[in-house]
Amino acid sequence: MERYVGSLCSVTCAILSLEMNEWDSIAQAYEKVFMPRFQPMYDAMAAQVPADSDVACFGDGPGEPSLTIAPKAKSILVMDGAHEMLNVAQKRFQTRQIQAQFLHTPEGEPIPREFQVDCMCSSLCLMYIPKSDGEQVLEGVLSDLMHKLKKGGLLITSHWDHPDSVPFLKILKETNAIASNNPVHSEAQYLDQGTFSFAQGRRYEQVYRKLGLEILSTEIVRLEMPFKDCAEFCEFNAQGQAVNPKHVEIMQQLVKQSGREITDFTLPSNAVVVVARN
């Protein structure tokens with residue numbers, strides 16, 4: 001086991017932390033605004049998990065896809081690097097009276113290795129790992145996860161499609177950029193961001209195959225992303241505080257530019273669910 005643990009894994013854990021205080025601050029807003037709208041993606045991931053499997057979910061945020069998977073799993077382990085994300089996840093499990101184990105994965109430390117599971121799931125997480133020294137950092141994280149998978153076990157992940165297929169996130173990012181006087185001027189700026197990195201040249205496929213993962217399926221999942229108005233959409237940025245009128249005004253302009261009404265609109269967006277075998 002020690003052959004894959006060391007400085008590289010420490011680096012990957014640090015990178016995945018993505019300023020954990022920031023993730024802590026958005027935990028409740030993420031749960032309220034996005035998780036109900038992301039449910040079709042969680043359902044698609046859960047559908048790929050064989051019944052009565054031991055499952056671990058890496059970078060699970062406020063408890064998804066783990067909570068959707070849990071009723072069909074033999075056991076479930078929820079992992080995240082942000083304390084508040086785990087707190088929200090625990091409350092959601094407790095409310096539904098579903099049993100699970102929870103593991104904080106601290107910044108700068110290897111992920112604990114004292115378990116093996118049938119399925120490892122990770123939603124909207126691995127894509128944020130930047131390219132560094134080729135793909136050594138992403139390879140290091142995936143190697144760590146693979147060593148926690150039983151032989152023949154499944155790695156089930158999700159990521160965003162190309163920016164043009166994810167208008168809700170494109171508009172959200174443009175709103176934030178304009179509000180901070182740093183507008184996005186080209187598609188290249190979107191593609192340079194980790195959010196869409198797996199959509200570039202099917203980046204994940206190259207790394208998966210190099211590590212010996214067999215890709216079994218790739219599914220596009222459509223998320224309708226309905227909003228009653230831009231103020232509701234901007235609740236994510238507000239993070240539990242009052243919605244910033246400036247953000248609402250900017251978002252209204254962007255929604256109009258996309259050819260939509262600014263009330264009772266949808267921003268249909270594509271997520272990608274990938275299933276690979278260890």
Side-chain angles (χ1 to χ4, degrees), residues 18 22 25-26 28-45 47 61-62 64-65 68 123-128 157-204 217-274:
L18 296 173
E22 294 179 17
S25 68
I26 68 171
Q28 294 187 19
Y30 191 95
E31 178 196 15
K32 178 182 179 182
V33 179
F34 288 148
M35 291 183 73
R37 295 173 170 88
F38 291 173
Q39 190 59 50
M41 176 179 63
Y42 304 140
D43 290 340
M45 296 181 74
E64 289 293 357
T68 300
S123 180
L124 306 178
C125 176
L126 298 178
M127 62 198 185
Y128 286 108
T157 61
S158 67
H159 63 266
W160 294 121
D161 203 353
H162 191 278
D164 287 342
S165 300
V166 195
F168 95 90
L169 199 47
K170 192 172 180 179
I171 287 174
L172 181 64
K173 286 181 173 293
E174 283 191 73
T175 298
N176 293 340
I178 294 170
S180 61
N181 297 314
N182 185 30
V184 176
H185 296 292
S186 70
E187 184 178 275
Q189 288 178 267
Y190 285 114
L191 293 176
D192 285 343
Q193 298 172 352
T195 307
F196 300 109
S197 74
F198 271 26
Q200 298 181 70
R202 303 180 78 85
R203 174 190 175 200
Y204 67 92
S217 65
T218 301
E219 176 186 2
I220 300 292
V221 180
R222 180 183 169 97
L223 309 177
E224 291 301 327
M225 302 303 293
F227 295 95
K228 66 180 181 181
D229 53 35
C230 290
E232 182 182 47
F233 194 175
C234 284
E235 286 181 9
F236 178 72
N237 284 345
Q239 299 175 15
Q241 306 299 314
V243 171
N244 187 329
K246 179 181 179 182
H247 284 192
V248 175
E249 182 180 348
I250 294 169
M251 189 170 285
Q252 286 175 337
Q253 294 173 355
L254 294 172
V255 171
K256 284 181 180 178
Q257 289 173 15
S258 74
R260 296 172 172 86
E261 300 294 330
I262 59 173
T263 57
D264 296 320
F265 58 90
T266 62
L267 296 168
S269 298
N270 289 346
V272 182
V273 173
V274 181

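Note that the numbering runs from 1 along the sequence shown for the chain.
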(request) Return the set of residues passing side-chain hydrogen bond (donor to acceptor under 3.5 Å, both in side chains) with T157 (not counting sequence neighbours), or none when no residue passes. (result) Y208
(request) Output all residues satisfying ring-ring contact (aromatic ring centres under 6.0 Å, His included) with Y42, sequence neighbours left out; order by chain, then residue number. (result) none
(request) Give, for atom CD1 of I171 and atom CZ of F265, the distance between the pair rounded to the nearest 0.5 Å. (result) 7.0 Å
(request) Sort and list the pairs that fulfil side chain to side chain donor-acceptor pair (under 3.5 Å) and have at least one residue in residues 261-272, not counting sequence neighbours. (result) none
(message) Can you tell me how far apart CD (E235) and CZ (F34) are? Round to the nearest 0.5 Å.
(response) 10.5 Å
(message) Does the plane of the ring in F168 sit parallel, tilted or perpendicular to the ring in F233? Use 30° and 60° as the thresholds.
(response) tilted
(message) Once salt bridge (charged side-chain N to carboxylate O under 4.0 Å, His left out) is applied, do any residues pair with R260, and if so which ones, sequence neighbours excluded?
(response) none
(request) Identify, with sequence neighbours excluded, every residue that meets side-chain hydrogen bond (donor to acceptor under 3.5 Å, both in side chains) alongside T218. (result) none
(message) Tell me every residue that passes side-chain hydrogen bond (donor to acceptor under 3.5 Å, both in side chains) with T68, counting only those two or more places apart in sequence or in another chain.
(response) Q39, E64
(request) Using the side chain to side chain donor-acceptor pair (under 3.5 Å) rule, collect all pairs that involve residues 245-257, keeping only residues at least two apart or in two chains. (result) N237-H247
(request) Report the residues that fulfil side-chain contact (heavy atoms from CB on, under 4.5 Å) with E31, sequence neighbours left out, ordered by chain and then residue number. (result) M35, P62, V88, R92
(message) Has S158 got a side-chain atom pairing as donor or acceptor with L124's backbone, closer than 3.5 angstrom?
(response) yes
(request) Please name all residues satisfying side-chain contact (heavy atoms from CB on, under 4.5 Å) with L223, sequence neighbours left out, ordered by chain then number. (result) F38, P40, M41, W160, V221, M225, A271
(request) Not counting sequence neighbours, list each pair that qualifies as a salt bridge (charged side-chain N to carboxylate O under 4.0 Å, His left out) and has a residue in residues 225-234. (result) R37-E232
